[in-house]
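Residue numbers start from 1 in every chain, and the chains themselves are labelled A, B, ... in the order their sequence lines are given, proteins ahead of strands. Bear in mind that the values here come from a model prediction, so they are computed numbers and not experimental data.
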Amino acid sequence: MKKLINDVETMLSESLDGFAAAHADIVALGEAGQFVRRRTPKPGKVALISGGGSGHEPLHTGFVGHGMLDAACPGQIFTSPTPDQMLAAAQSVETGAGVLFIVKNYSGDMMNFQMAAEMVDCDNETVVVNDDVAVENSTYTTGRRGVAGTLIVEKILGAAAERGDPLRKLKQLGDAVNKATASMGVALTSCTVPAAGKPTFQIGGDEMEMGVGIHGEPGRRRIKLAGADDIAHELTGAILKDLSLKAGQQVLLLVNGFGGTPMLELYLMVNAVHKVLAGHQVKVARHLTGSYVTSLEMAGCSVTVSALDDAQLALWDAPVHTAALRWGM
Amino acid sequence: MKKLINDVETMLSESLDGFAAAHADIVALGEAGQFVRRRTPKPGKVALISGGGSGHEPLHTGFVGHGMLDAACPGQIFTSPTPDQMLAAAQSVETGAGVLFIVKNYSGDMMNFQMAAEMVDCDNETVVVNDDVAVENSTYTTGRRGVAGTLIVEKILGAAAERGDPLRKLKQLGDAVNKATASMGVALTSCTVPAAGKPTFQIGGDEMEMGVGIHGEPGRRRIKLAGADDIAHELTGAILKDLSLKAGQQVLLLVNGFGGTPMLELYLMVNAVHKVLAGHQVKVARHLTGSYVTSLEMAGCSVTVSALDDAQLALWDAPVHTAALRWGM
Amino acid sequence: MKPDTHNLIRCATQTLIDHVDELTALDQAIGDGDHGLNMRRGALAIQGKQGELAGQSLNEALRTMGMTCMSTIGGSSGPVFGTLLVTLGKHLPDPPNAAGLAQALDAAIQALTRLGKAQVGQKTLLDVLDPVQKLLAKGGEELVKRVRTCAFDAAEATAALDAARGRASFLGDRALGHVDPGSRSTALIIGAICESLDAPATAQPSSLSA
Amino acid sequence: MKPDTHNLIRCATQTLIDHVDELTALDQAIGDGDHGLNMRRGALAIQGKQGELAGQSLNEALRTMGMTCMSTIGGSSGPVFGTLLVTLGKHLPDPPNAAGLAQALDAAIQALTRLGKAQVGQKTLLDVLDPVQKLLAKGGEELVKRVRTCAFDAAEATAALDAARGRASFLGDRALGHVDPGSRSTALIIGAICESLDAPATAQPSSLSA
Ligand SMILES: Nc1ncnc2c1ncn2[C@@H]1O[C@H](COP(=O)(O)OP(=O)(O)O)[C@@H](O)[C@H]1O
Ligand SMILES: Nc1ncnc2c1ncn2[C@@H]1O[C@H](COP(=O)(O)OP(=O)(O)O)[C@@H](O)[C@H]1O
Ligand SMILES: [Mg+2]
Ligand SMILES: [Mg+2]
Ligand SMILES: [Mg+2]
Ligand SMILES: [Mg+2]
C-alpha cells in the first residue's frame with residue numbers, strides 16, 4: 001500500500017485538520033472532528049446535513065458552505081458516521097427551520113441517520129439518494145445505491161435552502177431531483193482501504209468492473225477492458241433506459257472520476273458520452289467534470305445524467321461557495 | 001496499461017473535444033485542436049499564451065478564461081507544442097497590446113516558444129517558470145524545471161493583465177513571482193505514457209522518487225517510502241532553504257496532486273506541511289489544494305510555496321473564471 | 001457485574017480484535033472491506049469502558065455496551081450490534097437463563113428487522129441469531145455446546161445464501177462461497193461467550209481482567 | 001530530387017519508425033519517454049510529403065523536411081532536428097560532397113548550439129554530430145563506412161557522459177550506462193543514409209520508392 005500518510009489510525013483526523021486549515025474561510029471543524037460545518041450558519045434557513053463514510057472526498061465535506069451543505073459528518077473510511085455525529089452537527093447548525101438529512105442509500109448510512117432522525121429534537125426530514133442503476137440490490141443496500149448523483153441533489157437543495165425554501169418543500173424537491181438522476185460507474189483498478197492495507201478486490205490487467213460501487217463493491221459483471229466508446233455506450237445506455245428520457249430533453253451531465261483517473265481521460269469520456277447522448281437527441285445543458293465522488297485512489301469513472309427542468313437548472317446555476325464547488329461568488 | 005481511451009493516436013483530440021464541449025461557455029477550440037482560447041478575447045489587453053506537453057491537465061487548458069490565460073497550446077503527451085501552434089494562438093487572441101508567453105523551463109518548451117517568439121509579428125515577451133528546487137539541472141532542462149508554480153505565475157499575471165497592465169510590467173511581475181516561488185515533488189508510482197504503453201519508470205512497492213519531475217523524470221534520489229510528516233519535512237525544507245524566508249513571512253501554499261492521489265491524502269499533506277511551516281514561523285495566507293499540475297495518473301504530490309507581497313496576494317484573490325480555477329465570479 | 005461476566009466481555013471483544021484480518025477479508029470479498037476494523041473499533045471502545053461496566057448490573061452493562069457500539073462503530077455494524085445489545089439489556093432477566101435469553105433474543109431479532117429491513121435468509125447476522133434463538137427456546141442437554149456449534153455452522157451456511165434470493169442475489173455465482181462478515185462476527189462473539197461459560201469457574205478473577 | 005535521394009529519405013525515416021520502442025525505452029530511462037513517438041511522428045509526416053519532396057531540389061527538400069519536423073514533432077526533437085535539416089539545406093552544395101557536408105554540418109552544429117544552449121559533451125545529439133563532422137572534414141578512404149561506425153560509436157559513448165559533468169550530471173550513477181535517445185536517433189539516421197549510399201547503385205528506381 002502506497003499512500004501519503006503517517007498512521008492509518010490518525011489519517012482521517014490529520015486530513016480533516018488539513019482540510020479545515022485550507023478552507024478556514026468557509027468551514028469550521030466540530031469538536032473531535034465529528035462534523036464539518038459552514039463557518040457562519042444562516043439564521044432561519046433549513047439546515048442541510050449530509051455525511052457518510054470517508055474516502056469519497058470531496059464528498060461530503062467539500063460541499064459544505066454557502067449554497068450547499070450546512071454540515072457534513074465524516075465517518076471512518078467507507079463506514080457510515082454514527083448518530084452522535086449527526087446529532088452534534090444538527091445542534092451546531094440548526095437555527096429553527098429544521099434539519100434536512102441527505103443520505104446515500106446504504107444500509108449503514110440509512111440505519112445511522114434513521115437513529116439520528118429519531119433522536120434529534122427539531123423538525124426534520126430525510127432525502128435518500130439512490131441514483132446507481134448498476135444493480136437493483138447490492139450487498140449493502142436494500143434497493144439501489146446512492147453514488148455521484150448525491151452531489152447534484154446536495155447542490156440543488158443547497159440553493160433552494162439558501163433562498164429560504166421550507167423543510168417540506170425541500171424534501172419534495174430532493175426526492176424529485178433524485179428520481180430524475182441516474183448514474184453508473186466502471187472501475188479499472190481497485191482501491192485500498194488504508195487500515196486493511198491491501199486492495200479491496202483483485203482485478204486482472206485486462207479486466208474492468210462494470211457497474212462498480214463507490215466502495216469498490218462488485219457491480220454488474222467483470223468484463224474485458226473495453227474502449228472508452230464502448231464503456232460510454234454501456235454506462236449511458238443503462239442510464240437512459242432507467243430515466244426513459246424523451247428526445248429533446250435537456251440534462252446535466254456529470255462525468256465523475258473515482259480518484260485515480262486523470263482529467264485527460266475524464267474529458268475523453270465526456271466526448272464519448274456526448275456522442276451517445278446526441279444519438280438519443282438528448283441535449284446536455286450543463287456539465288460538471290472532475291473527481292467529486294471518489295473511492296480513494298480507484299481508477300475509473302461514473303456517468304451521471306440528471307434530467308432537470310428549468311427551475312432546477314436555475315438552482316444548479318445559483319451561486320455556491322464550498323471547498324470543491326464554487327461559482328457565482 | 002489501463003486507461004479510459006479508444007486509441008492512443010486520437011486520445012488527445014478526443015479529450016480536447018470533450019473539454020471544449022464541457023466548457024463551451026468559456027473556451028473555444030482552435031482549428032485542428034492547435035490551441036484552446038478564451039471564448040471572447042478582451043480588446044486592448046495583453047494576450048497571455050502558455051502551453052506545454054499534454055498529460056498535466058488541468059494545466060494549461062484548464063486555466064484559459066477570464067483573469068488567467070487567453071490561450072493555451074497543448075502538445076502531444078509530455079511533448080512541447082510546436083511553434084505553429086503558438087503562432088496560430090497568438091493570431092487568434094492578440095488584440096494590439098502584445099503577447100506574453102509563459103513557458104516552463106524545459107529544453108523542448110524553451111526552443112519551441114523561442115522559435116515562435118522570433119516568428120510572431122507583434123510585440124512579445126516571455127516569462128520562464130523554473131520553480132522546481134529538486135535539481136539544479138535535469139536531463140531535459142538547462143537549469144531548474146518549471147512545475148506547479150506555473151499555475152501561480154499564470155493566475156497572478158492573468159489578474160494583472162485583466163486590469164490592463166502593459167506588457168513590460170507583466171514581464172517584470174511574472175519574473176518576480178517566479179523568483180518568489182519554489183516547489184518540490186515526490187512520486188509513489190509511475191505514470192504511463194499512453195503511446196508507450198508501459199510505465200515510465202519502475203519503482204518498488206516500498207520506494208518513492210524524491211524530487212520527481214512532472215513527466216516522471218528522476219529527481220534527487222530513490223528512497224524508502226516514508227511517512228507524510230517526513231516527506232513534508234524534506235519537501236518543505238528544500239523549498240524554505242531555496243526561498244530563505246524571514247520569520248513572519250506570509251505565503252501562498254499549493255499542495256498539488258500528480259493525478260493518482262486522492263484529496264484525503266492531499267489534505268493530510270496540507271496538515272503536515274503546515275506543521276513544518278509553523279515551525280519556521282511562516283504564515284500561510286492563502287491555500288490551494290488539488291490536482292492541478294499532474295503527470296497523467298502518477299501517485300504523489302508536490303508542495304509549492306510562494307512568498308507573495310500584499311499586491312500579489314490581491315492579484316491572486318482577483319476574480320477568475322476558468323475550467324479548473326474559479327472564484328469571485 | 002460479576003467477575004465472570006467481566007471475563008466474558010473481555011473474551012468476546014478480544015476474539016473480534018484477534019480476527020480483524022479475517023473479517024476484513026470477508027468484507028472485501030462481497031462488501032467494502034471495513035467490517036474487521038469496525039468490529040475492532042467497537043471492541044476496543046468497550047474494553048476501554050471496563051471500569052464503568054464493572055459497577056453496572058448485567059442489564060445496565062448491555063445497554064452501555066450497545067450505546068458504545070452505536071456511538072463508536074458506525075457503518076451497519078454500529079446500529080446493528082448496538083440495537084442487539086441494547087435490546088438484550090432491556091429484556092434479559094437477571095440472573096439470565098436460557099428461556100429468558102431466548103425471549104430477549106427474539107425481541108432483538110424483531111428490533112433488528114424493524115431497523116434494517118432485512119429478513120432471515122438475506123445473508124446478514126440474522127441468519128445466525130435466528131437459529132441460535134430457536135435452539136435456546138427449545139432448551140435441553142449441553143445447550144452451551146450446541147449453541148456454539150450452531151452459531152459457527154449458521155455463519156458458515158451464509159456462504160450458500162448468495163446463490164439464492166436475498167439482498168446479495170445480484171452477485172450470483174461471484175459471491176457463492178463467501179461467508180457474510182457480520183454473521184461471522186456474531187458467531188465469534190457467541191463462540192467466545194459459550195467457551196467462557198463452559199470454562200472452569202475456578203479461574204482467578206485477577207487473571208481474567210488482563 | 002533524384003530517385004536515390006528519395007530512397008535515402010525513405011530508409012532514414014523508416015529506421016526511426018522501426019526503432020520506436022527502443023527509442024521510447026531510452027527516453028524512459030533518463031527522460032519522459034516520448035522520444036520514440038516524437039521521431040516516429042516526424043518520420044511519418046515526412047513520408048507523407050514524399051510527393052511534394054520528389055519535385056524539389058535537395059536543398060529545398062532538406063528545408064521542407066526541417067520545417068515539417070518543426071511543425072509536427074514538438075518537444076526538443078522538433079526544433080533540434082528541424083534546425084539541423086533547415087541549416088543543412090541552406091549550406092549543402094548540390095550535388096553534395098564530403099567537404100561540403102562537413103561545412104554544412106559545422107553550420108548546423110553552431111545553429112543548434114545557439115538554439116539549445118547545449119555544448120558538446122553534454123549528452124545530446126551534438127555528441128554524435130561533432131565527431132561525424134570532424135571525420136567528414138578530414139575525409140579519406142571508405143568515408144561512408146567510417147562515418148557510419150563513428151555515428152553508432154558516438155551514440156553508444158553518450159552512455160558514459162552521465163557520470164561526468166553536463167546537463168544530466170545530477171543523475172550521477174543512476175543514469176550511467178544509458179544512451180542519450182536523441183543521439184541514438186541521429187546515429188540511426190546517419191547509419192541508414194550511409195547504408196543506402198553504399199548500396200549497389202544498380203537497384204531499380206521503382207523498387208526504391210515503395
Ligand atoms: N440491514 C441489515 N440488517 C441486519 N444486519 C445487517 C444489515 N446490513 C448489514 N448487516 C450486517 O452488517 C454486516 C456489515 O457490517 P460492516 O461491514 O461493518 O458495515 P457496512 O456494511 O456499513 O460496511 C453484514 O455482514 C451484515 O451481517
Ligand atoms: N538543448 C538541446 N540541444 C540539443 N539537443 C537537445 C537539447 N535538448 C534535448 N536535445 C536532444 O533531444 C533529445 C530528446 O528529445 P525528445 O525526447 O523528443 O524531446 P523532450 O526532451 O522534449 O522530451 C535528447 O536525447 C537530446 O539528444
Ligand atoms: Mg462500510
Ligand atoms: Mg518530452
Ligand atoms: Mg463493510
Ligand atoms: Mg523526451
Side-chain angles (χ1 to χ4, degrees), chain B residues 8-9 34 51-55 73-85 87 106-116 118-119 134-143 190-202 211 213-222 295, chain D residues 20-21 23-42 44-45 67-83 86 111-112 114-119 122-124 161-162 165-175 178 180-182:
Chain B
V8 290
E9 298 291 331
Q34 287 200 303
S54 292
C73 304
Q76 294 294 316
I77 308 274
F78 291 173
T79 301
S80 162
T82 63
D84 294 40
Q85 294 179 257
L87 289 178
Y106 295 94
S107 304
D109 296 75
M110 292 294 284
M111 289 190 271
N112 283 287
F113 272 96
Q114 188 180 318
M115 289 188 153
E118 278 162 20
M119 287 151 83
V135 289
E136 259 312 309
N137 294 295
S138 90
T139 328
Y140 296 113
T141 64
T142 306
S190 174
C191 47
T192 297
V193 174
K198 49 183 185 154
T200 298
F201 58 92
Q202 294 299 324
I214 56 171
H215 309 88
E217 320 94 287
R220 287 191 170 183
R221 58 194 207 283
R222 179 70 55 89
S295 307
Chain D
V20 61
D21 290 337
L23 295 172
T24 295
L26 289 178
D27 200 25
Q28 283 188 319
I30 53 171
D32 57 3
D34 61 350
H35 186 65
L37 307 165
N38 288 347
M39 296 311 284
R40 185 178 64 177
R41 190 166 51 254
L44 288 171
M67 296 305 288
T68 303
C69 286
M70 282 188 211
S71 66
T72 58
I73 300 185
S76 297
S77 322
V80 164
F81 285 92
T83 300
V86 167
L112 287 176
R114 270 195 307 277
L115 172 74
K117 319 252 161 10
Q119 305 292 331
Q122 292 185 336
K123 204 178 171 75
T124 71
L161 288 175
D162 278 344
R165 61 171 296 283
R167 302 190 316 117
S169 61
F170 81 94
L171 280 170
D173 286 354
R174 292 174 58 186
H178 292 293
D180 171 57

Less than 4.5 Å apart, side chain to side chain, heavy atoms only: is that true for M70(D) and T82(B)? no
Taking 4.0 angstrom as the limit, do E118(B) and R114(D) come out as a salt bridge? no
One pair to check against side chain to side chain contact (heavy atoms under 4.5 Å, CB included): V193(B) and Q28(D). What are the steps and the verdict? CA-CA 10 Å; V193(B) 174; Q28(D) 283 188 319; 5.6 Å; no
Under 4.5 Å, counting heavy-atom pairs only, tell me which of L37(D), T72(D), T24(D) racks up the most with chain B. L37(D)
Give the minimum heavy-atom separation between P218(B) and A29(D), together with the two atoms involved. CG-O, 4.5 Å
OG on S80(B) to CD1 on I73(D), rounded to 0.5 Å: 11.5 Å
Under 4.5 Å from any heavy atom of chain D, what part of E9(B) do you find: side chain, backbone, both or neither? side chain
Looking at chain B, which one of G74(D), G33(D), G75(D) has the largest number of heavy-atom pairs inside 4.5 Å, strictly under? G75(D)
Heavy-atom cut-off 4.5 Å, strictly under: side chain, backbone, both or neither for I77(B) against chain D? backbone
Could you measure the distance from the NE2 atom of H215(B) to the CG atom of D34(D)? Nearest 0.5 Å is fine. 8.0 Å
Heavy-atom distance under 4.5 Å to chain B: side chain of S71(D), backbone, both or neither? both
Portion of F78(B) that has a non-hydrogen atom of chain D nearer than 4.5 angstrom: both
Contact class of M111(B) relative to chain D, heavy atoms under 4.5 angstrom: both
Check each atom of D109(B) against the heavy atoms of chain D and say whether the ones under 4.5 Å are side chain, backbone, both or neither. neither
